[in-house]
Colleague: 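Quick one: this structure, given as structure tokens, is what I'll be asking you about.
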Protein chains: 2
Amino acid sequence: MQCKNRGRPPASPDDMLAAADRLFAQSELPGAVTMDAIALAASVGKGTLFRAFGSRDGLLDALWAARIAALRESAESNTPPFEPGAAPADRLVSFLDAILTFKIANRHLIRARELSGGLLQSPHYQWMHAEIKRCITDAANPADADYATYNAHALLSGLHIDLIDEMLMQGLPLETIRKLQTARARNVLHPR
Amino acid sequence: MQCKNRGRPPASPDDMLAAADRLFAQSELPGAVTMDAIALAASVGKGTLFRAFGSRDGLLDALWAARIAALRESAESNTPPFEPGAAPADRLVSFLDAILTFKIANRHLIRARELSGGLLQSPHYQWMHAEIKRCITDAANPADADYATYNAHALLSGLHIDLIDEMLMQGLPLETIRKLQTARARNVLHPR
DNA sequence: TTGCATTACGGACCGACGGTCCGTTAAGGG
DNA sequence: CCCTTAACGGACCGTCGGTCCGTAATGCAA
């Protein structure tokens, strides 16, 4: 027999995610949002929060999954420049652009996740890495597997949110970053 | 009137650093070394530890400073390939190689530092960035300031210890990483 | 040598945080 | 209407970085 949760105000998992989302968006420091604060904001007991998400990382993952769905959809859609027959270079550049835009839009949440470590093993990173690696392999110039693996990592490493923030703070315009990133991507596909 | 600390065994700041060093070298997880553990290992009260270094980050910085001195000396020496007249490309490649070797040798400590955040603002990062940027500017192909700034960051971002560990764990041989990094550096200096 | 001012020492203590546990409350079926 | 069942909330716990204070050792002066 399930609890029905019939009353209006009582909180659902989505309400908790929404509350957490709000708090992360407001907070400047990444680690400043505590589980107690989220529970309070969601008008929910701490136990309910942990029962729903298992741990802080679990909650972060749930938030992240919701955010990343759009990125993933557009990248896996068949609309240009992601359609199957598109030139690898265009796919790669568009994909990197999309990630850059996405990271900037979600910087607070991403910061909170990055300091819980182990991101390189996460399915999301592996997905991005695989996509980029495929673009490089498809272009197939001198591209052996090691070359593709290394440069996919290297391209992604330039997208760490701390680095992006730092460059923006140093006065590099976003458009310049985007342009230089694009140049770099094309250089990976057609070196020297 | 200073305390003389005449007895043999009583601990000095260097002893504390040595003890911390030992613990960090042994620990697999970066955050697993607690200040209490360091105090215990150094046969010192926790208060003495904090009085000497101010905070955990302070202690990490002190350890780091000791480690990085050698790297910095060799990079600022006038011995090849770092002598003033050397080709920028050789300087850059050697510098990146040195950093790679250094990071792998000191991985445990570096991991502990990386998760305390704000590394991009640290003097050590800024020094590395400046050195690399200078190499790029010296080569002066299309190299405007933004190009040099961006690519110096980008080259360094490929040297995050987590990324290096991940690539090694995926089976990329260190020599391959070194070779691909070199190719990338040369590509930055002479794009397309 | 003795007494005193000064200072460094150690570890008990504190507040914050992630995570757990259990008494309480509400749901739903007989 | 009552009794079984399960979700709920928040008191509680262990850990960790950091602080504070009683104590002991030091060096100087008489």
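We name chains A, B, ... by the order of the sequence lines, and we start the count at 1 in each one. Note that the structure is a prediction, hence the values are computed from the model and not measured.
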Colleague: Scan residues 50-61 of chain B against DNA chain C and write down, sorted by residue number, each residue with any heavy atom closer than 4.0 Å; if none is found, say none.
Modeller: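 R51(B), in order of number.
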Colleague: If I take atom CG in residue D36(A) and atom C1' in nucleotide dA16(C), what distance separates them, rounded to the nearest angstrom?
Modeller: 9 Å
Colleague: Nearest to the side chain of K46(A), heavy atoms from C-beta on, is which of dG18(C), dG18(D), dC8(D)?
Modeller: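 Nearest nucleotide to the side chain: dG18(C).
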Colleague: Listing request: all side chain to side chain donor-acceptor pair (under 3.5 Å) pairs with a residue in residues 93-106 of chain A, at least two apart in sequence or in separate chains.
Modeller: R67(A)-N106(A), T101(A)-R178(A)
Colleague: dC8(D) P sits how many Å from M16(A) CE, rounded?
Modeller: 7 Å
Colleague: Rounded to the Å, how far apart are M35(B) CE and dG15(C) C1'?
Modeller: 17 Å
Colleague: Rounded to whole angstrom units, what separation is found between the CG atom of L40(B) and the P atom of dA12(C)?
Modeller: 12 Å
Colleague: Parallel, tilted or perpendicular: which one describes the rings of W64(A) and F102(A), with boundaries at 30° and 60°?
Modeller: perpendicular
Colleague: Before accepting this row, confirm whether a basic side-chain N of the pair R134(B)/E131(B) lies closer than 4.0 Å to the acidic partner's carboxylate O.
Modeller: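 Yes, R134(B) and E131(B) are salt-bridged.
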Colleague: Would you call D61(B)-R113(B) a salt bridge at under 4.0 Å N-O?
Modeller: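 Yes.
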Colleague: Indicate whether the side chain of Q126(A) and that of Q121(A) have a donor and an acceptor atom separated by less than 3.5 Å.
Modeller: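 Q126(A) vs Q121(A): no donor-acceptor pair found between side chains.
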Colleague: Report the residue (G47(A) or G31(A)) whose heavy-atom-nearest nucleotide on DNA chain C is the more 5′ of the two.
Modeller: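 Looking at DNA chain C, the more 5' nearest nucleotide goes with G31(A).
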Colleague: Does the distance from a Lys or Arg side-chain N to an Asp or Glu carboxylate O, for D146(A) and K179(B), drop under 4.0 Å?
Modeller: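 The answer is no: the pair does not qualify as a salt bridge.
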Colleague: Among dG10(C), dT20(C), dG17(D), find the nucleotide with the atom closest to the side chain of V44(B).
Modeller: dG10(C)
Colleague: Rounded to whole Å, how long is the line connecting atom CD1 of I38(A) with atom P of dG18(C)?
Modeller: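 Distance, rounded to whole Å: 8 Å.
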